[in-house]
Amino acid sequence: MNEATHSSYGYWGLVVINAAVFILFARSFVMLKTTRDWRSFGAFSAFIVALFAEMYGFPLTIYLMAGWLQRTFPGLDPFAHDNGHLWHTLLRMPGNPHLDIFHILSSVFIWGGFWILGSSWHVLYEAQQAKSLATTGLYASMRHPQYMAFIAILFGFLLQWPTLITLLMFPVLVVMYLQLAIAEEKVAAVAFPTEWPAYAARTPRFLPRFGSSSNQIATAAGGTS
């Protein structure tokens, strides 16, 4: 590695701080009661650690691609930190990578995901306390807003700083969240044999049907109070 590598990476303190902040922030919005809960949150945490380890610690993806990058983009310093924003680099986008469309969309997905987590948490908590089915707030628009939130956050990070490890992890995590959602639905169908069929019939699993029902939107808006 050249001198630029040492000046742009190797900040393991930043790795620890950033990973801890995002993991603890996400943890504050989820309830971890079962082995399944811990497994899903552990996978999310592993993604976050892998991401920041490459963003500030050791740039494994850049290291593996360095030769190709230097041949394809003569004069490019692959270890300059801004060039770690690979979508920006590979598409030869001009200007500051922190201001390009990928970074902007990344922020939308990441903070939108955290907003979904925060907005759905108290609805689920109150439903569990009352031993009832969560059907208000965002749960009126989708059956699994928290899993949708985790997928949005992970996708946002891929837009901002893609790495080989996180690109491989992302589809695995999406499949895992789908499997967890299906498993939870089976439990809910047994626990709420009357309410669940009607709720599942009118409410999509992940993606809301925007505009398909003004009633559903009104319920989602009103149920968060």
Side-chain angles (χ1 to χ4, degrees), residues 21-48 105-159 169-225:
V21 166
F22 278 97
I23 291 171
L24 292 175
F25 190 47
R27 171 67 182 87
S28 68
F29 295 122
V30 295
M31 289 174 281
L32 303 177
K33 292 185 176 181
T34 66
T35 301
R36 184 171 59 234
D37 296 334
W38 282 101
R39 189 186 306 122
S40 65
F41 189 74
F44 171 83
S45 300
F47 181 102
I48 296 298
L105 286 175
S106 167
S107 297
V108 171
F109 276 100
I110 292 170
W111 297 115
F114 278 113
W115 177 82
I116 293 173
L117 276 181
S119 298
S120 60
W121 180 87
H122 78 279
V123 176
L124 181 60
Y125 176 78
E126 290 173 2
Q128 290 185 345
Q129 292 296 106
K131 293 181 170 46
S132 62
L133 187 64
T135 60
T136 60
L138 290 176
Y139 283 90
S141 298
M142 60 185 112
R143 303 201 294 266
H144 301 280
Q146 289 195 313
Y147 290 151
M148 188 69 249
F150 282 126
I151 292 171
I153 293 168
L154 299 179
F155 181 71
F157 278 123
L158 285 183
L159 288 177
M169 289 179 70
F170 180 74
V172 174
L173 288 171
V174 170
V175 171
M176 184 193 72
Y177 287 133
L178 175 60
Q179 292 174 338
L180 288 170
I182 293 172
E184 289 183 2
E185 290 179 2
K186 291 178 180 178
V187 174
V190 173
F192 306 100
T194 303
E195 302 96 322
W196 176 259
Y199 172 68
R202 71 175 183 269
T203 311
R205 180 171 283 152
F206 288 121
L207 298 176
R209 299 189 190 101
F210 292 110
S212 65
S213 168
S214 56
N215 228 358
Q216 185 185 68
I217 295 172
T219 303
T224 57
S225 58

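Values below: every heavy atom of this structure, side chains too, minus hydrogens, waters and symmetry copies. Along the sequence shown, residues carry numbers from 1.
Once rounded to the nearest 0.5 Å, the distance linking OG of Ser106 with CH2 of Trp111 reads 10.0 Å. Here the CG-CG distance, from Leu124 to Leu138, works out to 11.5 Å after rounding to the nearest 0.5 Å. Between atom CZ of residue Arg27 and atom CG of residue Leu24 there is a gap of 9.0 Å, rounded to the nearest 0.5 Å. The line from CZ of Arg202 to OG of Ser141 is 11.0 Å long, rounded to the nearest 0.5 Å. How far CD1 of Ile151 is from CG of Leu207: 8.5 Å, rounded to the nearest 0.5 Å. Interatomic distance, Met31 CE to Tyr125 OH, rounded to the nearest 0.5 Å: 8.0 Å.
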- Message: Run Trp196 and Tyr199 through ring pair (Phe, Tyr, Trp, His ring centres under 6.0 Å) and show every step you take.
- Response: CA-CA 5 Å; Trp196 176 259; Tyr199 172 68; 5.6 Å; yes

- Task: Take Met148 and Phe206 through the test side-chain contact (heavy atoms from CB on, under 4.5 Å) and record every step on the way to the result.
- Result: CA-CA 6 Å; Met148 188 69 249; Phe206 288 121; 3.8 Å; yes

- Item | Derivation and outcome, side-chain contact (heavy atoms from CB on, under 4.5 Å), residues Phe47 and Leu158 | CA-CA 10 Å; Phe47 181 102; Leu158 285 183; 4.0 Å; yes

- Assess whether side-chain contact (heavy atoms from CB on, under 4.5 Å) is satisfied between Trp38 and Lys33, documenting all intermediate values. CA-CA 7 Å; Trp38 282 101; Lys33 292 185 176 181; over 6 Å; no

- Task: Could you walk me through whether Asp37 and Val30 pass the side-chain contact (heavy atoms from CB on, under 4.5 Å) test, one step at a time?
- Result: CA-CA 9 Å; Asp37 296 334; Val30 295; over 6 Å; no

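Side-chain contact between Ile182 and Gln179: absent, with no pair of heavy atoms (C-beta onward) separated by less than 4.5 Å. Two residues are said to be in side-chain contact when any heavy atoms from C-beta on lie closer than 4.5 Å; Phe157 and Phe109 fail this criterion. Proximity of Arg205 to Leu178: side-chain heavy atoms (C-beta onward) are separated by under 4.5 Å at one or more points. Residues Ile153 and Leu117 meet the side-chain proximity criterion, which asks for heavy atoms closer than 4.5 Å. Contact annotation: the side chain of Thr34 never approaches that of Arg39 to less than 4.5 Å [non-hydrogen atoms, C-beta and beyond]. Leu133 is not listed as a side-chain neighbour of Tyr139, based on a closest heavy-atom distance of 4.5 Å or more.
Below 30°, between 30° and 60°, or above 60°: for Phe170 and Phe155 the angle between ring planes is between 30° and 60°, a tilted geometry.
Across Gln146 and Ser120, no two heavy atoms sit closer than the pair CG-OG, 3.4 Å. Of all non-hydrogen atoms in Met176 and Ala43, the two that sit nearest each other are CE-CB, 3.7 Å. Closest heavy-atom contact between Ala140 and Thr203: O-CG2, 3.9 Å. The two residues Ile23 and Phe41 come nearest to each other via the heavy atoms O-CZ, 3.3 Å. Nearest heavy atoms, Ala183 versus Arg36: CB-NH1, 4.3 Å.
Taking Phe25 as the reference, Phe29, Phe114 meet the ring pair (Phe, Tyr, Trp, His ring centres under 6.0 Å) condition, with sequence neighbours excluded. Residues satisfying the ring pair (Phe, Tyr, Trp, His ring centres under 6.0 Å) criterion with Phe150, sequence neighbours excluded, are Phe44, Tyr177.
Between the side chain of Ser119 and the backbone N or O of Ile116, no donor-acceptor pair lies under 3.5 Å.
Applying the salt bridge (charged side-chain N to carboxylate O under 4.0 Å, His left out) rule to pairs touching residues 129-144 yields Arg143-Glu185, sequence neighbours excluded.
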